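Structure, as structure tokens:
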Amino acid sequence: MLARDLQQKLAELQRTSRELDGSWRMALVRQQTAKHDVWKRKVEQVSEEADFLRTSLERFGGRQALRQREAADRDELLARAEAGRRVKDEMDEEAAVAGHIGRSRRYLGEMFEQGTSILAGMSANRERIKAAQTKVLDVINSVGLGESVLKMIERRHRTDAYIAVGGMVATVLLTIGLIWWAWF
């Protein structure tokens, strides 16, 4: 905006300088020689100043255009840097998610191994308990306890198993009911 105003003023100054030059030449014919030199110097001085101002304005315009190009380049670079930061942040988030998934997979593997070892231990205990039950039954038979006592023991064992299974079912149903009540 300022540059346009300056260009308009400079164009007006150059036009006035040309008019002065033309007037000076016409006055040259009408006036004396002493005044011709003064007018000639003044017109030349105005012409030189107009040329100097035009050159300065061109340099200013060049510098202004350079500043605008640099500003545009800077804005473009900053935009690219911002896009690069966004991409980096997204990649960091993806890496964090991948790390969480890897840790979860490792924890699940460890839990599976623990469950497998617990089941293997329970199987071994079952075999020991069966062996102990067989020995107890042999001892009871050798002592001479009757069949009715053995049936009563087996019945009691079955009743205990039903109570244990019923307790497990009740616990599961209670847990499901509490979860249902809390969520809904």
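A quick note: this is a predicted structure, and the numbers were derived from the prediction, not measured. Residues take their numbers from the sequence shown, with the count starting at 1. Side chains included, hydrogens not; waters and symmetry mates left out as well; all remaining heavy atoms used.
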Around Glu58, counting heavy atoms of other residues, nucleotides and ligands shown, do more than 12 lie under 6.0 Å from its CD? yes
Please check this pair: side chain of Ser123 against backbone of Leu119, looking for a donor-acceptor N/O pair closer than 3.5 Å. no
Hey, could you give me the CZ/CZ distance between Arg67 and Phe60, rounded to the nearest 0.5 Å? 6.0 Å
Determine which pairs satisfy salt bridge (Lys or Arg N to Asp or Glu O under 4.0 Å) with at least one residue from residues 156-184, sequence neighbours left out, and list them in order. Arg156-Asp160
Is it possible for you to say whether Trp183 and Trp180 belong to one hydrophobic cluster, with membership spreading through side-chain heavy-atom contacts below 4.5 Å? yes
Using a strict cut-off of less than 4.0 Å between a Lys/Arg side-chain nitrogen and an Asp/Glu carboxylate oxygen, indicate whether Asp92 and Lys88 qualify as a salt bridge. yes
Using 0.5 Å steps for rounding, measure from the CD atom of Gln45 to the CZ atom of Phe52. 13.0 Å
Rounding to 0.5 Å, atoms CG (Leu174) and CG (Leu178) come to a distance of 4.5 Å
N-O pairing of Glu82 and Arg85 below 4.0 Å: yes
Would you say that more than 12 heavy atoms from the other residues, nucleotides or ligands in this model lie under 6.0 Å from the CZ of Arg126, or not? no
Nearest-0.5 Å distance, CD of residue Glu94 to CE of residue Met91: 9.5 Å
Just so I know, are the side chains of Glu110 and Arg106 near enough to count as touching, which here means a heavy-atom distance under 4.5 Å? yes
Could you check whether Glu90 pairs with Arg86 (Lys NZ or Arg NE/NH1/NH2 to Asp/Glu carboxylate O, under 4.0 Å)? no
Whether over 12 other heavy atoms sit under 6.0 Å from Arg63 CZ: yes
Do Ile153 and Ile129 share a hydrophobic cluster, counting only Ile, Leu, Val, Met, Phe, Trp and Tyr and linking them when any side-chain heavy atoms are less than 4.5 Å apart? no
